[in-house]
Trainee: 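This is the structure I have questions about; it appears just below.
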2 protein chains.
Amino acid sequence: MKLTEAEWQIMKALWAEWPATARQIADRLSGEVNWAYTTIKTMLTRLTEKKALKETKKGNVSVYEPIISRPDAQRNALKSLVNQAFDGAFGPLMHFLLEDQKLPENQKEELLKVLKEGEQTGGGNGGV
Amino acid sequence: MKLTEAEWQIMKALWAEWPATARQIADRLSGEVNWAYTTIKTMLTRLTEKKALKETKKGNVSVYEPIISRPDAQRNALKSLVNQAFDGAFGPLMHFLLEDQKLPENQKEELLKVLKEGEQTGGGNGGV
DNA sequence: GCAATTCTACTACATATGTAGAAGCTGTCA
DNA sequence: TGACAGCTTCTACATATGTAGTAGAATTGC
């Protein structure tokens with residue numbers, strides 16, 4: 001499952017709160033994009049075909065809910081990026097992030113915290 | 001500058017060693033993809049139009065060299081991902097990587113090392 | 001009961017992307 | 001001095017993506 005840029009917008013609006021109608025989604029997006037209502041409907045239809053979300057009729061109105069969760073979508077996107085640009089290795093990506101992106105101090109600290117937590121919990125919820 | 005999946009393949013082959021001819025690039029890619037030579041030529045032409053690489057004639061043969069560096073391309077790709085999927089914040093991405101992707105211990109250690117180095121050098125080479 | 005509103009379903013169209021064939025130019029080896 | 005091989009440029013075509021109009025069904029406000 002590969003979401004396009006426009007599809008991410010839609011999905012984010014849906015993840016924010018669901019189930020939601022096309023109208024609700026359009027309203028949520030109205031501050032960010034300038035799409036016609038039918039454009040949004042088209043995207044919703046395509047996302048339904050792609051099994052990224054589920055459409056249910058309430059009377060004659062469709063309500064939508066995500067099938068893939070946001071973390072799953074993030075995982076997929078990240079995995080694609082890592083494979084494509086970083087030869088599949090997380091290490092170099094991290095390196096890159098840390099060396100190159102010049103994290104603000106507070107984020108470094110947060111990161112250290114997370115790293116230490118990780119040592120105890122061994123956390124995570126696994127696969128895609 | 002946004003590279004597509006196929007374009008990444010081409011660019012990676014070029015970054016590996018350049019300048020290079022279409023033939024050389026095709027040879028390098030022959031183990032990974034199964035594209036016709038003309039497909040590769042097409043991609044090279046498009047990448048030239050996109051200013052991702054530069055084409056120079058040596059006699060009647062074109063040699064190519066990258067205009068954008070691999071780290072720049074990585075930066076761009078990462079930035080896009082972060083904006084799209086992680087609301088522009090590196091912190092959550094890190095969190096996600098660390099908590100969710102279950103890094104092997106050795107990578108965590110490496111990461112810690114990088115973090116500590118960063119504290120002294122304040123390293124990095126700045127933005128795109 | 002009818003007009004205005006709101007949905008949905010269908011259709012459309014431009015640009016991007018993946019993929020490659022055809023035709024023509026040129027160098028080279030017999 | 002050709003015939004072949006390799007290279008280039010053009011053209012083509014399917015599918016994906018972004019974006020939206022139109023027509024007809026349903027809903028609602030009087």
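To find a chain, count down the sequence lines: A is the first, B the second, and so on, and within it residues start at 1.
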Trainee: For D:dG6 and B:Arg23 - does any side-chain N or O of the residue sit under 4.0 Å from the phosphate oxygens OP1/OP2?
Mentor: no

Trainee: Taking a hydrophobic cluster as the set of Ile, Leu, Val, Met, Phe, Trp and Tyr residues connected by side-chain heavy atoms closer than 4.5 Å, whether directly or through intermediates, do A:Ile67 and A:Ile10 fall within one such cluster?
Mentor: no

Trainee: Round to the nearest Å and state the distance from B:Lys41 atom NZ to C:dG21 atom P.
Mentor: 16 Å

Trainee: Sub-3.5 Å donor-acceptor pair from the side chain of B:Thr38 to the main-chain atoms of B:Lys41, do we have one?
Mentor: no

Trainee: Using whole Å, report how far CH2 of A:Trp35 lies from P of D:dT17.
Mentor: 14 Å

Trainee: With respect to the side chain of A:Thr4, which nucleotide from D:dT22, C:dA20, D:dT17 is positioned closest?
Mentor: D:dT17

Trainee: Let me know the distance between CG of A:Asn34 and C1' of D:dG18, rounded to the nearest Å.
Mentor: 14 Å

Trainee: For residues B:Glu7 and B:Lys50, determine if any side-chain heavy atom of one lies less than 4.5 Å from a side-chain heavy atom of the other.
Mentor: yes

Trainee: OP1 or OP2 of D:dA20 less than 4.0 angstrom from a side-chain nitrogen or oxygen of A:Thr38, does that happen here?
Mentor: no

Trainee: Figure out the CG/P separation between B:Asp27 and D:dG6, and round it to whole Å.
Mentor: 11 Å

Trainee: How many whole angstroms separate atom NZ of A:Lys2 from atom C1' of C:dG18?
Mentor: 15 Å

Trainee: So do A:Met11 and A:Ile68 actually touch side chain to side chain, heavy atoms under 4.5 Å?
Mentor: yes

Trainee: Taking the minimum atom-to-atom distance to the side chain of A:Thr42, which one of D:dA20, D:dT9, D:dC7 wins?
Mentor: D:dA20

Trainee: What's the separation between atom OG1 in B:Thr42 and atom CG in B:Leu47, rounded to the nearest 0.5 Å?
Mentor: 11.0 Å

Trainee: Which of residues 47-69 of chain B have a heavy atom under 4.0 Å from DNA chain D?
Mentor: B:Lys57, B:Asn60, B:Val61, B:Ser62

Trainee: Are OP1 or OP2 of C:dT19 and a side-chain N or O of B:Tyr37 less than 4.0 angstrom apart?
Mentor: no

Trainee: Do you know which two heavy atoms are closest between A:Arg28 and A:Glu17, and how far apart they sit?
Mentor: NH1-O, 2.7 Å

Trainee: Of all the nucleotides listed (D:dC7, C:dT19, C:dT8), which has the minimum atom distance to the side chain of B:Thr39?
Mentor: C:dT19

Trainee: Rounded to the Å, how far apart are A:Gln24 CD and C:dC7 C1'?
Mentor: 14 Å

Trainee: Rounding to an integer number of Å, can you tell me how far B:Glu5 CD sits from D:dA16 C1'?
Mentor: 13 Å

Trainee: Without decimals, in angstroms, what is the distance between A:Ile40 CD1 and D:dA20 C1'?
Mentor: 11 Å

Trainee: With a 4.5 Å cut-off on side-chain heavy atoms, are A:Glu55 and A:Leu44 touching?
Mentor: no

Trainee: What about A:Arg46: does its side chain form a donor-acceptor pair under 3.5 Å with the base of D:dT19?
Mentor: yes

